[in-house]
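Heads up: the structure comes next, in C-alpha cells.
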Amino acid sequence: MPLRRLLGTLTAQLVLTASLAAQGLPTADPASVGLSDSRLRQLSEAFEDYVADGRIAGAVGLVARHGRVAFYETWGYRDVARRDPMDGDDLFRIYSMTKPITSVATMILAEEGHFRISDPVGRYLPQLQDLEVALWRDGNDETVTRPAPAVTIEDLLRHTSGFTYGSFTDTPVDRLYREARPLRGSEPTEAFLDRLGDLPLMYEPGTRWNYSVSTDVLGALVESISGMPLDQFLDERILGPLRMDDTRFYVDESRRSRFARMYGHDEGRDLVPGDSTRYLSRPVMVSGGGGLVSSAEDYVRFAQMLLNGGELEGVRILEPETVELMTTDRLGDIPGLDLGFGLGFAVRQVPGTPDAPGTIGEYGWSGIAGTSFWIDPAEDLIGVIMMQILPNRDVTFYDAFKRLVYRALEE
C-alpha cells in the first residue's frame with residue numbers, strides 16, 4: 001500500500017473516530033465486529049481511484065456492525081475547484097432518503113391512535129377526496145377518467161397510491177404532472193394539495209407500485225394531524241431526540257462551509273459542476289419526500305435506531321412491532337418493483353448474489369444524487385454512502401460500495 005495512501009487513511013480514521021466519539025457513537029476495530037481490515041482497505045482504494053480518475057468529486061462511507069462504527073472514511077473533495085477536502089461531518093442533499101424519516105413520523109402518529117393506515121387519506125386532507133383515475137394505454141395519449149377508489153395512508157407509505165412524479169416515465173398522466181407541476185416548494189402545502197387533487201391518478205390505488213409524490217402527501221398529513229410544520233415535528237419527535245443536529249431542510253450560514261458541492265457527468269462522463277444554489281434557505285413548503293440535507297454521522301443514528309427496533313441510547317422513537325411492520329414487504333403480488341416494499345423502505349425478498357449482495361429482510365433506500373443506506377438485520381449491519389453526483393452516467397457507486405462491504409464480512 002503506498003505510504004501516501006496509508007498515512008491518509010490512518011489520519012482520516014483518527015479524525016473521524018474523534019468526531020464520532022463526540023456524538024457518543026461507539027466505535028470498534030473492524031476485526032472485533034467480523035470485518036476484514038484488508039478488504040476494507042480495498043474498498044477505500046477503490047473510492048480513492050474513483051476520485052483520482054475524476055469519476056466522483058468525493059464521498060463519505062460508513063459501516064456499522066453490532067451497534068458500533070467500524071469503518072468511516074472520506075475520499076476526495078467537497079469542492080474540487082477549491083481543493084477543499086471532504087470531511088466526515090459534511091452535509092449532503094439526501095433527496096429521497098428523506099422518505100424513510102417522513103414515514104417514521106407518519107407511524108409515530110399512527111401509534112398514537114390519530115389514524116389507521118387503512119384510513120382514506122382524503123378523510124384528513126379533503127383535497128384528496130373523490131379522485132379520478134386515468135384510463136390510458138401505452139402509445140395512447142387519451143386521458144379519459146373515471147372515479148377512483150380511495151387512496152389509503154398505507155398506499156402512500158408503500159407507493160401504491162396511483163400518484164406519480166411526472167419525471168421517471170412518460171405516460172399521459174406524467175405529462176399532465178409536468179404541465180401542472182404540483183410539487184414546487186415555492187408555494188404552501190395547501191397549494192400542492194389543491195393541484196394534486198385536480199390531477200388524475202395513473203393507476204387505481206393498491207394495484208401497482210409507482211414512485212411518486214406520495215411521501216410529500218404524508219408530510220402534509222403529518223402537518224395536518226400534528227398542527228405544526230413538518231420540520232418542527234421532525235425536529236421535536238425524531239431529529240432532536242436522536243441528536244441528528246445537522247439534518248435539516250436547508251443549510252444555514254453556520255453550516256455552509258460543510259455543504260458538499262453538487263456535481264454531475266456530461267455526455268462524455270466527465271465530471272462537471274452542478275447546481276449548488278438550492279437548500280440555502282427554508283422553502284415555503286418543506287418536502288417530506290425529498291427535501292432534507294444530512295450527514296453520514298446523522299443518518300447512521302437514524303438507521304441504528306431502526307435496527308435496534310425503534311430505540312437508540314435510551315430514546316424510543318417507535319415500538320419494535322411498528323418497525324417490524326414497516327420493514328416487512330407489504331406489496332405481495334402487486335407489480336411495479338423487483339424488490340419488496342414495506343412502509344417507507346425497499347425490502348429484500350430473495351437472497352443476494354455476489355454482484356448484488358444482501359440477505360432476506362434487508363431494507364433501505366437511496367437518494368437520486370448518490371446517497372444511499374441499507375440495514376441488514378441478519379448481519380446486524382448498516383452501510384451509509386454519501387456523495388453528490390447528478391446525473392450519474394458512470395458506475396452505480398452505491399452498488400460498488402455495498403459489494404465491497406459484504407466482501408469484507410468474515411463472520
Query raised in the report: Under a 4.5 Å cut-off applied to non-hydrogen side-chain atoms, are Phe163 and Val173 in contact?
Result: no
Query raised in the report: So does Glu179 pair up with Arg175, basic N to acidic O under 4.0 Å?
Result: no
Query - Ile94, Thr396, Ile385 screened by side-chain contact (heavy atoms from CB on, under 4.5 Å) with Ser372, the one that passes - result: Ile385
**Report entry** Aromatic centroids of Trp365 and Tyr398 separated by under 6.0 Å
**Finding:** no
Query raised in the report: Considering residues at least two apart in sequence or located in another chain, which fulfil the side-chain contact (heavy atoms from CB on, under 4.5 Å) criterion with Arg282?
Result: Pro229, Asp231, Tyr250, Val286
Query - Chi angles and distances behind the salt bridge (Lys or Arg N to Asp or Glu O under 4.0 Å) call for Arg258, Asp246 - result: CA-CA 10 Å; Arg258 295 190 281 130; Asp246 284 326; 3.0 Å; yes
Query - Under 3.5 Å side-chain donor-acceptor pair for Thr160 and Arg158 - result: yes
Query - Side-chain touch Gln127/Glu190, heavy atoms, less than 4.5 angstrom - result: yes
Report task. State plainly whether the residues Glu187 and Arg195 are in salt-bridge range, i.e. N to O under 4.0 Å. Result -> yes
Query raised in the report: Does a salt bridge link Arg41 with Asp37, judged by any charged N lying under 4.0 Å from a carboxylate O?
Result: yes
Query raised in the report: Are side-chain N/O atoms of Asp89 and Ser295 paired as donor and acceptor at under 3.5 Å?
Result: no
Query raised in the report: Taking 4.0 angstrom as the limit, do Asp49 and Arg55 come out as a salt bridge?
Result: no
Query - Donor + acceptor pair across side chains of Ser38, Ser36 (<3.5 Å) - result: yes
Requested in this report: Show your reasoning for whether side-chain hydrogen bond (donor to acceptor under 3.5 Å, both in side chains) applies to Ser161 and Ser214.
Outcome: CA-CA 7 Å; Ser161 62; Ser214 288; 2.7 Å; yes
Query raised in the report: Do the side-chain N and O atoms of Asp119 and Tyr124 include a donor-acceptor pair separated by under 3.5 angstrom?
Result: yes
**Report entry** Ser212 OG to Leu196 CG distance, which is reported to the nearest 0.5 Å
**Finding:** 8.5 Å
Query raised in the report: How about Leu199 and Pro182: do any of their side-chain heavy atoms sit closer than 4.5 Å?
Result: yes
Query - Full working for side-chain hydrogen bond (donor to acceptor under 3.5 Å, both in side chains) between Arg93 and Gln388 - result: CA-CA 7 Å; Arg93 305 153 191 82; Gln388 302 283 243; 2.6 Å; yes
Query raised in the report: With Leu234, which of Val104, Ile108, Leu239 fulfils side-chain contact (heavy atoms from CB on, under 4.5 Å)?
Result: Leu239
Report task. Before accepting this row, confirm whether a basic side-chain N of the pair Asp84/Arg78 lies closer than 4.0 Å to the acidic partner's carboxylate O. Result -> yes
Requested in this report: May I ask you to decide if the ring planes of Phe373 and Phe302 are parallel, tilted or perpendicular, using 30° and 60° as cut-offs?
Outcome: perpendicular
Report task. For residues Ser294 and Thr247, report the shortest heavy-atom separation together with the two atoms involved. Result -> OG-OG1, 2.8 Å
Report task. Indicate yes or no: does Arg255 engage Asp252 in a salt bridge with an N to O separation below 4.0 Å. Result -> yes
Requested in this report: State, to 0.1 Å, how close Thr74 and Val60 come at their nearest heavy-atom pair, and which atoms those are.
Outcome: CG2-CG2, 4.0 Å
**Report entry** Parallel, tilted or perpendicular: ring planes of Tyr211 versus Trp209, cut at 30 and 60 degrees
**Finding:** parallel
Query raised in the report: Do Lys99 and Thr102 get their side chains close enough for a donor-acceptor pair, meaning under 3.5 Å?
Result: no
Query - Pair Asp394 + Arg269, salt bridge at N-O below 4.0 Å - result: yes
Query raised in the report: If you count the non-hydrogen atoms of other residues, nucleotides and ligands that lie under 6.0 Å from CD in Glu324, is the total more than 12?
Result: no
Report task. Taking Asp174 for its side chain and Thr171 for its backbone only, find out whether a donor-acceptor pair lies under 3.5 Å. Result -> yes
Requested in this report: For Glu112, look at atom CD and say whether over 12 heavy atoms of other residues, nucleotides or ligands are found less than 6.0 Å away.
Outcome: yes
Query raised in the report: Do Tyr406 and Glu379 have a side chain donor and acceptor closer than 3.5 Å?
Result: no
Query - Residue pair Val293, Arg248: steps toward the side-chain contact (heavy atoms from CB on, under 4.5 Å) verdict - result: CA-CA 5 Å; Val293 170; Arg248 296 290 182 269; 5.8 Å; no
Query raised in the report: Does a side-chain N-to-carboxylate-O contact under 4.0 Å join Arg393 and Asp266?
Result: no
Query raised in the report: Could you go step by step and tell me if Thr152 and Asp155 meet the side-chain hydrogen bond (donor to acceptor under 3.5 Å, both in side chains) rule?
Result: CA-CA 5 Å; Thr152 68; Asp155 285 324; 3.1 Å; yes
Query - SB check Asp245 Arg301 (cutoff 4.0 Å) - result: no
Using atom types as modelled, flag every donor-acceptor pair under 3.5 Å from a side chain in residues 331-352 to any protein atom, sequence neighbours excluded.
{"from": "Arg348", "atom 1": "NE", "to": "Glu362", "atom 2": "OE1", "distance (Å)": "3.2"}
{"from": "Arg348", "atom 1": "NH1", "to": "Val350", "atom 2": "O", "distance (Å)": "3.4"}
{"from": "Arg348", "atom 1": "NH2", "to": "Ala356", "atom 2": "O", "distance (Å)": "3.4"}
{"from": "Arg348", "atom 1": "NH2", "to": "Pro357", "atom 2": "O", "distance (Å)": "3.2"}

Requested in this report: Say whether, by atom type as modelled, one donor and one acceptor occur between the side chain of Asn308 and the main chain of Gly310 under 3.5 angstrom.
Outcome: no
**Report entry** Full working for salt bridge (Lys or Arg N to Asp or Glu O under 4.0 Å) between Arg278 and Asp275
**Finding:** CA-CA 7 Å; Arg278 294 180 58 201; Asp275 180 10; 5.8 Å; no
Report task. Kindly write out the residues that satisfy ring pair (Phe, Tyr, Trp, His ring centres under 6.0 Å) with Tyr50, not counting sequence neighbours, or none if the list is empty. Result -> Phe47, Phe397
**Report entry** Over 12 non-hydrogen atoms of neighbours within 6.0 angstrom of CZ in Arg181
**Finding:** no
Query raised in the report: Less than 4.5 Å apart, any side-chain heavy atom of Arg261 and any of Val80?
Result: no
Query raised in the report: Are any non-hydrogen side-chain atoms of Thr327 and Leu306 less than 4.5 angstrom apart?
Result: no
